Every structure is written in structure tokens, then in C-alpha cells.
2 protein chains.
Amino acid sequence: MNIGDVSQASGLPAKTIRYYEDIGLVLPLRGGNGYRDFRESDVHKLTFVSRARSLGFSIEECRMLLSLYEDRTRASADVKDVARSTLDRIEVKIAELNAMKATLSTLVKKCHGDDRPDCPILDNLSEAPA
Amino acid sequence: MNIGDVSQASGLPAKTIRYYEDIGLVLPLRGGNGYRDFRESDVHKLTFVSRARSLGFSIEECRMLLSLYEDRTRASADVKDVARSTLDRIEVKIAELNAMKATLSTLVKKCHGDDRPDCPILDNLSEAPA
DNA sequence: GTAGGGGTTCCAGCAACTGGAAGGTCAAGA
DNA sequence: TCTTGACCTTCCAGTTGCTGGAACCCCTAC
């Protein structure tokens with residue numbers, strides 16, 4: 001299977017797949033012409049990574065999940081740990097963004113947004129620290 | 001004022017302040033010893049940027065806000081536009097993270113997290129695409 | 001044979017810093 | 001006066017996760 005087909009199948013750009021090979025996430029074979037030759041298992045792995053990434057797992061977490069996936073004897077608790085720490089990171093990020101959103105939307109609401117130069121947004125940014 | 005004092009005053013690491021000079025956000029003077037010599041206005045700007053960054057404004061948005069701040073005749077509407085587009089970005093990001101969180105927490109809940117090898121998280125990641 | 005659509009490598013760049021090495025400067029104390 | 005240690009300087013490299021582009025090879029169809 002060539003990289004283009006794998007790209008189709010996994011939903012990942014070819015560039016990204018080459019990058020994933022670079023960092024050792026997949027190790028496709030090579031044909032006589034130098035082309036990468038992907039096995040079904042490579043495609044499966046890449047699809048796996050593609051989804052894990054879209055769920056917010058980092059590359060290193062994906063690497064860990066893959067190795068857990070390949071270890072038929074691993075405990076589900078190990079996987080759950082990775083997932084939970086990802087979930088924690090996501091929740092922290094959401095909280096931060098919500099705080100930003102709250103402040104910013106208050107400011108946007110306060111700003112009359114007309115031709116006059118006075119603006120509560122800039123005023124707030126340049127105020128003395130609390 | 002030396003960089004260390006400015007770092008204290010603005011809450012930004014010295015490294016970051018040097019970086020901000022590199023990219024032209026501030027242009028401190030130089031003393032005879034080669035040390036950066038920050039004016040009050042530089043400190044003010046850096047504090048401004050520090051807060052704007054923590055509200056999720058990108059560096060380029062900060063640059064714009066600074067120039068709007070320095071333009072005493074600008075319309076508040078211009079500032080409001082920048083703030084609103086930042087707010088939009090933040091909201092999109094929050095929505096994405098919430099979607100991730102929902103899927104992931106469902107999976108974490110389903111996973112019994114014990115010594116047994118079967119795990120709904122990995123099963124989900126390796127399932128055929130919807 | 002030539003045109004196109006693959007594929008390959010390598011190098012550079014994005015955002016926004018951060019770390020570290022190698023060295024200059026300054027103020028205080030013995 | 002010398003030394004110690006904190007502070008400053010520059011420059012280069014690395015982080016995360018790709019992405020774009022150049023220059024080139026390969027394969028198939030007409």
C-alpha cells in the first residue's frame with residue numbers, strides 16, 4: 001500500500017504520515033523503488049493514532065497507547081491512567097479558556113465599539129495590577 | 001531599569017522580555033555597559049502584553065492592541081473587533097475540548113481499570129471508522 | 001517520448017517561548 | 001585589591017506537531 005492510499009484510509013496527510021515514521025510511530029517496509037510499503041497493521045496503527053490525536057492525546061501518549069495496544073497482557077488500568085491524565089489536561093485547559101472567555105466577553109460587552117477613542121478593553125489591559 | 005526589575009514588575013521571565021524585544025514588541029534603550037535600559041513606558045507595555053497574552057490574545061493581536069493603544073485617535077470599535085475575534089477563537093477551542101472531554105470521559109467511565117487486558121478505550125480507538 | 005500524477009529526500013518555518021553555554025559587569029565584603 | 005556571586009549579554013538549539021517547498025525519481029497512459 002502506498003502512502004497516498006494510507007492517507008486516504010487513515011485521514012492523515014501524507015506529510016504527517018512521513019513525520020510519524022520519522023519519529024518512529026510506524027515503520028513501514030520499503031519496496032524496490034524506494035516507496036514506502038504499508039501493511040494493514042501500519043494502516044491500523046495510523047488510524048488509531050489519528051483518532052487518539054483528535055481526542056487530545058499527545059504524540060507521546062499515543063506512543064504509549066500503541067505499545068499498550070500491542071501488549072496483549074497489559075492491564076486496562078494502565079490505559080485508563082493515560083486516558084485520565086489526558087482528561088485532566090483537557091479539563092485544565094477548558095477551565096483556563098473559560099476564565100479568559102468570561103473576562104473577555106465582559107470587556108467586549110462593556111466596550112461601546114464606536115468611533116470614540118475611549119475603550120474599556122484597553123483601559124483594563126493597561127490598568128495597574130490588582 | 002534593568003531586565004530583572006522589569007521581569008519582577010511585569011511578571012514576564014527575562015527570556016521572554018528579550019524575545020519580545022527580538023520581535024519588536026518593545027525597544028528598550030541601552031546603557032553604556034550594554035545592559036538594556038527600560039523606561040516606564042516599556043514596563044507599561046510589557047505589563048499590557050503580559051495580560052493580553054493571559055487573556056488569549058496572540059502575539060500579533062498584542063502588537064495590534066499596542067498600536068491601537070498608542071493611537072490616541074483610534075476608534076474603540078477597532079479594539080472591539082480584535083477582542084471579538086479572539087473571543088471567537090477561544091469559543092471554538094472550548095467547544096473542541098468539550099467534545100474531546102465528552103468522548104474521553106465516557107470511555108474512561110466504561111473502562112473497568114483493573115488487571116484484565118480488555119479495555120473499551122483501546123477498543124474504541126481501534127474500531128473501524130464510523 | 002512526454003505528460004501527469006504519484007513518490008522520495010532534505011531543509012526551513014510556524015508559535016511562543018525555554019534552556020544552556022560562554023562570557024562581560026557590578027557591588028559588596030575580606 | 002581581589003574575589004565572590006548575582007546579574008547581565010549574545011547566540012545557538014530545542015520544544016510540539018506538523019506544514020510548505022524545492023529538487024528530484026518513478027510509473028502509467030497516450
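Here is the naming used below: chain letters follow the sequence lines, and residue numbers restart at 1 for every chain. The model shown is predicted, which means the values in this text are computed figures rather than measured ones.
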Report task. May I ask you to evaluate whether B:Arg36 reaches the phosphate of D:dT9, defined as a side-chain N or O under 4.0 Å from OP1 or OP2? Result ->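 For D:dT9, OP1/OP2 do have a side-chain N/O of B:Arg36 under 4.0 Å.
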Report task. Measure the CD-CZ distance between A:Glu91 and A:Arg84 for me, rounded to the nearest 0.5 Å. Result ->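 Output value for this atom pair is 11.5 Å.
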Take atom [atom1] of [X] as the centre, draw a 6.0 Å sphere, and report whether it contains more than 12 heavy atoms from other residues, nucleotides or ligands.
X: A:Glu70; atom1: CD; answer: yes
X: A:Asn98; atom1: CG; answer: yes
X: A:Glu96; atom1: CD; answer: yes
X: B:Asp115; atom1: CG; answer: no

Query raised in the report: Is a donor-acceptor contact shorter than 3.5 angstrom present between the side chain of A:Lys15 and the base of D:dG21?
Result: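 Side chain to base: pair found, below 3.5 Å.
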Requested in this report: Can you check whether any acceptor in the base of D:dG17 is under 3.5 Å from a donor in the side chain of A:Tyr20, or vice versa?
Outcome: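 A donor-acceptor contact between them is absent.
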Euclidean distance, atom [atom1] of residue [X] to atom [atom2] of [N] [Å, nearest integer]:
X: B:Leu29; N: D:dC8; atom1: CG; atom2: P; result: 16 Å
X: A:Tyr19; N: D:dG21; atom1: OH; atom2: C1'; result: 19 Å
X: B:Ile59; N: C:dT18; atom1: CD1; atom2: P; result: 11 Å
X: B:Arg30; N: D:dC8; atom1: CZ; atom2: C1'; result: 10 Å
X: B:Leu12; N: C:dA16; atom1: CG; atom2: C1'; result: 12 Å
X: A:Asn33; N: C:dT8; atom1: CG; atom2: P; result: 8 Å
X: A:Ile23; N: D:dT16; atom1: CD1; atom2: P; result: 10 Å
X: A:Asp22; N: D:dG20; atom1: CG; atom2: C1'; result: 15 Å

Requested in this report: Please tell me which of the listed nucleotides, C:dT25, D:dT9, D:dG17, lies nearest to the side chain of B:Arg18?
Outcome: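 Shortest atom-to-atom distance from the side chain points to D:dT9.
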Query raised in the report: If you check every side-chain atom of A:Thr16, which of D:dT19, C:dC17, C:dG6 has the closest atom?
Result: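 Closest nucleotide among those given: D:dT19.
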Query raised in the report: Where each residue is assigned the nucleotide of DNA chain D containing its nearest heavy atom, which of A:Tyr35 and A:Pro13 is assigned the position nearer the 5′ end?
Result: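 Nearest nucleotide further toward 5': that of A:Pro13.
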Query raised in the report: Which sits closer to the 5' end of DNA chain D, B:Ile3 or A:Phe57, going by the nucleotide each is nearest to?
Result: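 On the 5' side of the pair lies B:Ile3.
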